Amino acid sequence: WGMLEKVTALEAVAAKEDRETAARVAAAEQRLAELQRLQGELERSQAQELLEARATSQRTLRAAEIAAHARVADAERELRAEERRLAAVETQLAKVDWQREQARRKLGDDVAFARMGNADAEDRAGQAAAGGTRRVEAVRGEHRARAAHNEGFRGCEP
């Protein structure tokens, strides 16, 4: 019996070790399955977060592009308005320059006309003075002639 008991005892120990090993393998397999499940959940969660981050990034990018386009459009509108204001000011400046040049020409014409009028007035004044002197001389001559004629009558008195 000794041997049979030893073999039986060894078989019992081996069976116990087999059960323990099988239990450890089953626990390890269960733990592996749990870890694989968690890894799958993490990968899906990470993929979902990545998709959401990309979507958020795309929305933010589109919003920034829209805002940038709006600012560019505003700047272009302001530039066109400023160009129109500048063109209006340039037109007004050209008009004022033209008016100033017209005023200078008129002033020159008025000065020339005044000088000509002054020269004519001086000429007429000279002519009037000369004419007056001639007229005085003519009247004096007529007076002498009458006086001489009257003298002729005085000599005829009885």
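Positions are given from 1, in the same order as the sequence printed here. Just so you know, these numbers come straight off a predicted model, no measurement behind them.
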Check your understanding: Does L107 sit in a hydrophobic cluster with other residues, and if so which ones, taking ILVMFWY side chains as linked at heavy-atom separations under 4.5 Å, directly or through other members?
Key -> V111
Exercise for review: With sequence neighbours left out, write down each residue that passes side-chain hydrogen bond (donor to acceptor under 3.5 Å, both in side chains) with D110, or none if nothing qualifies.
Suggested key: K106
Point to revise | Pairing residues for D120 by the side-chain hydrogen bond (donor to acceptor under 3.5 Å, both in side chains) criterion, not counting sequence neighbours | key: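 side-chain hydrogen bond (donor to acceptor under 3.5 Å, both in side chains) list for D120, sorted by chain: empty.
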Please check if the number of heavy atoms outside [X] that lie under 6.0 Å from its [atom1] is greater than 12.
X: Q30; atom1: CD; answer: no
X: Q46; atom1: CD; answer: no
X: R37; atom1: CZ; answer: yes

Review point. Where do R100 and D97 land on the side-chain contact (heavy atoms from CB on, under 4.5 Å) test, with the steps shown first?
Key: CA-CA 5 Å; R100 183 184 66 217; D97 284 346; 3.5 Å; yes
Review point. Below 4.5 Å, heavy atoms only, C-beta onward: do Q99 and Q102 meet side chain to side chain?
Key: no
Check your understanding: Would you say Q48 and R44 make side-chain contact, with heavy atoms under 4.5 Å?
Key -> no
**Study point:** Over all atoms of both residues, closest heavy-atom pair of L4 and T8
**Key:** O-OG1, 2.6 Å
SB check [X] [Y] (cutoff 4.0 Å):
X: E83; Y: R80; value: no
X: R31; Y: E34; value: no
X: E82; Y: R85; value: yes
X: D74; Y: R71; value: no

Rounded to the nearest 0.5 Å, how far does [atom2] of [Y] lie from [atom1] of [X]?
X: Q58; Y: E65; atom1: CD; atom2: CD; result: 8.5 Å
X: E17; Y: L10; atom1: CD; atom2: CG; result: 9.5 Å
X: L38; Y: S45; atom1: CG; atom2: OG; result: 11.5 Å
X: R54; Y: L61; atom1: CZ; atom2: CG; result: 14.0 Å

**Study point:** Backbone of E52 reached by a side-chain donor or acceptor of T56 within 3.5 Å
**Key:** yes
Review point. Is T91 reaching over with its side chain to a backbone N or O of A87, donor-acceptor style, under 3.5 angstrom?
Key: yes
